[in-house]
Structure formats: structure tokens, C-alpha cells
Chemist: 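First the structure, then my questions, so here it is.
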Amino acid sequence: MIREALKLVRKKRPLVHNITNFVVMNSTANALLAIGASPVMAHAQEELEEMIGIADSVVINIGTLDKFWIDSMIKATKVANDLNKPIVLDPVGAGATRLRTETALKILELGVTVLRGNFGEISALLGEHGKTRGVDSAEYNEEKAKELALKAAEEFSTVVAVTGKVDYVSDGKRVYAVYNGHEMLGRVTGTGCMVSAITGAFIAVVEPLIGAVSAIATFGIAAEKAYEEAKTPGSFHVRLYDWLYLLKPEDVEKLARVREIEL
């Protein structure tokens, strides 16, 4: 399934509309280009209908919030739902402040296609007092991460990906575990935001659960290949882009470590 999903991304080159944060805007745009998609970063409310009208999916990332950006995110979610465009929400730092948690919950109420966050963020959105330090999760428990993905998918009626040492993705009925990735991803800013943006490309071409699993596995494989050639953060960052570009569908089929969990 991952092989076919990557082939479709490369073939269709989906246009992914990002309302994202200042820290990662360049990184996420380059990650989308490297994987074979097309990025657009547009925040002005005045052009949202036109921009989402030509986009294939929308990614909303709450990393750097203010009133203007929140209003744009709310409007973009409504427009995308009206136009039946898939939406990824990255609730960056939910649990760290009330503003972040409440903004993410407000967007979830409007309806998103995939919610992708770390252990602390998803815990906070479920009211389970997840510990978030800045934008990073301060805790991770593998067994609990699986339960969080399933519970959040049921609670918010969407596909949920809880990323960490092992990534768990659920639509509330099925749960997949993704074992690809490398701890060096935690030494480069914005890697979680990159995988959210790439998820936007995959769910533009395949159904949401498979799209989220495929995006996370592909990104994890690229990280593993990058670390084979670069052992320090700066070089690793460069090689990560290279491997997002170099990976072939047959590579991901061979290297993906994905398992459906029996419930």
C-alpha cells in the first residue's frame, strides 16, 4: 500500500496548501518538493477560497499563533470542508498553553481528516493532562500511545497519528504501528511539521488512514537512510531532503516496518 501511495504522490504532484508557522515554513515547503508534491504557503483570509479551490489538500499547523493566524485557520478549515478538501491538523504545543489547546479543539470541532501530533499534544486534546515542553512532548509511553491514537480517533471522528519512538495511526477501528524513523529527527527543528505536511500530500491521493501510515513510514525510512550517511544534525537535515527525493516506491515497500495491531 505504501509503494502505491508514493507512486501516486509522484504521479499526481498534489498541491498542498499550508497555513503553518514561521519556524518551519521553508523546511516544510522543501520537504514537500523533495517527496514530489507542490507546496503553497498562504495565510491571508482574502485569498483562502481561491487558494483552497485549486489545492488538493490543506495542512494547518498552530506552531506560531496570533489572532490573525487563528482566524485564517478557522476560515480555511470551513472552506476546505465546504470544498471537500482533506485537512491535516498539527496541534503544535497543545497542552503547553490554553490558547494552543483551545485553538486545536476549535479546529477539530469543525472537522479535520487527519490529526497528527506527539504523545503530549494528543493527551492534552483528550484532557488527559499531557506534558508538553515548548513544542516537544515531555513524555512517551508506547502502550499508552496506541490507546491514545484509538481513543482520539473515536473522540474526534478522524484519523489520528500519535508520533514518537513508535508511531501509532488509527481511524477508531484499526490501528497501525510504524516502526521506521530515527532519534536524530529530534535534533532538527520542524521534523514533526514536515511529516504533517507530507501527510497532506499523501491524503490528497489515497484514503486518509493509508495516506497517514504511508507518509509516516516514508518519512521514517528517509530518516534512517539519511542517518546512514550523516551522523550530525546539520548534515542529517540535508541528507533527509535528499532521501525524500531519492526513495523509490520499491524502496519503501522493502524497508517499511508497518504492522496492523490486533484489537
Side-chain angles (χ1 to χ4, degrees), residues 1-42 51 54-61 63 86 88 90 92 114 116 161 163 167 169 178 180-206 208 210-258:
M1 63 179 184
I2 300 173
R3 172 181 178 153
E4 293 306 312
L6 180 57
K7 284 173 70 175
L8 284 172
V9 168
R10 299 266 171 78
K11 179 181 179 182
K12 296 187 175 181
R13 299 188 61 82
L15 178 63
V16 183
H17 177 194
N18 298 265
I19 297 183
T20 188
N21 67 72
F22 291 122
V23 180
V24 305
M25 208 173 291
N26 181 263
S27 301
T28 50
N30 280 323
L32 283 165
L33 285 168
I35 200 68
S38 295
V40 61
M41 276 56 186
M51 194 62 78
I54 61 173
D56 297 295
S57 63
V58 175
V59 175
I60 295 177
N61 175 312
V88 178
D90 188 334
V92 180
V114 175
R116 202 291 313 163
T163 52
D167 309 311
V169 188
V178 181
N180 295 105
H182 195 279
E183 62 184 15
M184 183 58 80
L185 288 169
R187 296 283 186 157
V188 177
T189 189
T191 53
C193 305
M194 285 186 210
V195 80
S196 291
I198 288 173
T199 300
F202 277 79
I203 67 169
V205 299
V206 297
I210 301 305
V213 170
S214 300
I216 291 168
T218 300
F219 190 74
I221 293 167
E224 292 167 0
K225 299 295 288 182
Y227 188 75
E228 289 177 3
E229 300 172 354
K231 309 296 186 189
T232 51
S235 301
F236 172 81
H237 199 186
V238 173
R239 295 304 287 158
L240 182 59
Y241 291 126
D242 291 343
W243 275 105
L244 287 172
Y245 175 81
L246 291 168
L247 279 180
K248 298 176 181 175
E250 52 266 35
D251 295 328
V252 297
E253 181 179 67
K254 179 182 175 183
L255 299 172
R257 289 178 286 139
V258 175

Chemist: If you round to the nearest 0.5 Å, how far is CD1 of Ile210 from CD1 of Ile203?
Modeler: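 That separation rounds to 13.0 Å.
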
Chemist: Between Arg257 (side chain) and Val178 (backbone), is there a donor-acceptor pair under 3.5 Å?
Modeler: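 Not at all, since once roles are kept as given, no pair shorter than 3.5 Å links the two residues.
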
Chemist: Can you list the residues that meet the side-chain hydrogen bond (donor to acceptor under 3.5 Å, both in side chains) rule with Ser196, with sequence neighbours excluded?
Modeler: Asp90, Arg116

Chemist: Salt bridge (Lys or Arg N to Asp or Glu O under 4.0 Å) with Arg3: which residues, sequence neighbours excluded?
Modeler: Glu253

Chemist: Can you sort out the partners of Ala197 under side chain to side chain contact (heavy atoms under 4.5 Å, CB included), two or more places apart, ordered by chain and number?
Modeler: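 Residues passing side chain to side chain contact (heavy atoms under 4.5 Å, CB included) with Ala197: Asn18, Thr28, Leu32.
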
Chemist: Please report the shortest heavy-atom distance between Met41 and Met25, naming the atom on each side.
Modeler: CG-CG, 3.3 Å

Chemist: Can you find a pair of side-chain heavy atoms, one from Ile198 and one from Thr218, that are under 4.5 Å apart?
Modeler: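 Side chain of Ile198 against side chain of Thr218, heavy atoms only: no contact under 4.5 Å found.
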
Chemist: Considering non-hydrogen atoms only, spot the tightest contact between Pro39 and Ala29 and give its length.
Modeler: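 Heavy atoms only, the tightest pair is CG-O, 3.6 Å.
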
Chemist: Given Phe219, which of Leu240, Ile35, Thr163, Leu247 fulfils the side chain to side chain contact (heavy atoms under 4.5 Å, CB included) condition?
Modeler: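 For Phe219, the side chain to side chain contact (heavy atoms under 4.5 Å, CB included) test succeeds with only one of Leu240, Ile35, Thr163, Leu247, which is Leu240.
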
Chemist: With a 4.0 Å cut-off on N to O distance, would you call Arg239 and Asp242 a salt bridge?
Modeler: yes

Chemist: Please give me the minimum heavy-atom distance between Ile216 and Ala161, naming the atom from each residue.
Modeler: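 Closest heavy-atom pair between Ile216 and Ala161: CD1-CB, 3.6 Å.
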
Chemist: Find out whether Lys12 and Asp56 are in side-chain contact, i.e. whether some heavy atom of one side chain is under 4.5 Å from a heavy atom of the other.
Modeler: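 SC-SC contact between Lys12 and Asp56 ruled out.
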
Chemist: Nearest heavy-atom pair of Val195 and Ala215: which atoms, and what distance?
Modeler: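 Closest pair (atom of Val195, atom of Ala215, distance): CG2-O, 4.2 Å.
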
Chemist: Taking all heavy atoms of Pro14 and all of Ala201, pick out the closest pair and write down the distance.
Modeler: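 So the two residues come closest at CG-O, 3.5 Å.
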
Chemist: Listed by chain and number, what are the side chain to side chain contact (heavy atoms under 4.5 Å, CB included) partners of Ile19, not counting sequence neighbours?
Modeler: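 His17, His43, Leu48, Ser72, Met73, Ala76.
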
Chemist: Side chains of Thr20 and Val59, heavy atoms from C-beta outward: is any pair under 4.5 Å?
Modeler: no

Chemist: For Asn21, which residues count as a side-chain hydrogen bond (donor to acceptor under 3.5 Å, both in side chains) partner, sequence neighbours excluded?
Modeler: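 Testing Asn21 for side-chain hydrogen bond (donor to acceptor under 3.5 Å, both in side chains), a comparison that skips the adjacent residues, returns Asn61.
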
Chemist: Only counting residues at least two apart or in another chain, list the ones meeting side chain to side chain contact (heavy atoms under 4.5 Å, CB included) with Glu4.
Modeler: Lys7

Chemist: In terms of heavy-atom contacts, does NZ of Lys231 have more than 12 from other residues, nucleotides or ligands at under 6.0 Å?
Modeler: yes

Chemist: Sort and list the pairs that fulfil side-chain hydrogen bond (donor to acceptor under 3.5 Å, both in side chains) and have at least one residue in residues 180-193, not counting sequence neighbours.
Modeler: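 Qualifying pairs: Asn180-Glu224.
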
Chemist: What pairs with Glu250 under side-chain hydrogen bond (donor to acceptor under 3.5 Å, both in side chains), at least two apart in sequence or on another chain?
Modeler: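 Here no residue qualifies.
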
Chemist: Between Leu6 and Phe202, is any pair of side-chain heavy atoms under 4.5 Å apart?
Modeler: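 When only atoms from C-beta onward are counted, Phe202 and Leu6 do touch, with a gap below 4.5 Å.
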
Chemist: For Val114 and Ala212, work out which heavy atoms get closest and say how close.
Modeler: CG1-CB, 4.3 Å

Chemist: Who are the side chain to side chain contact (heavy atoms under 4.5 Å, CB included) partners of Leu255, not counting sequence neighbours?
Modeler: Ile221, Lys225

Chemist: In sequence, state the C-alpha distance, the side-chain angles, and the governing distance for Met1 and Val206, and then conclude on side chain to side chain contact (heavy atoms under 4.5 Å, CB included).
Modeler: CA-CA 10 Å; Met1 63 179 184; Val206 297; over 6 Å; no

Chemist: Holding to side-chain hydrogen bond (donor to acceptor under 3.5 Å, both in side chains), I want the full list of residues that pass it with Tyr227, two or more places apart in sequence or in another chain.
Modeler: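 For Tyr227 there are no side-chain hydrogen bond (donor to acceptor under 3.5 Å, both in side chains) partners, ignoring immediate neighbours.
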
Chemist: Run the ring-ring contact (aromatic ring centres under 6.0 Å, His included) test against Tyr241 and tell me which residues pass, sequence neighbours left out.
Modeler: His237

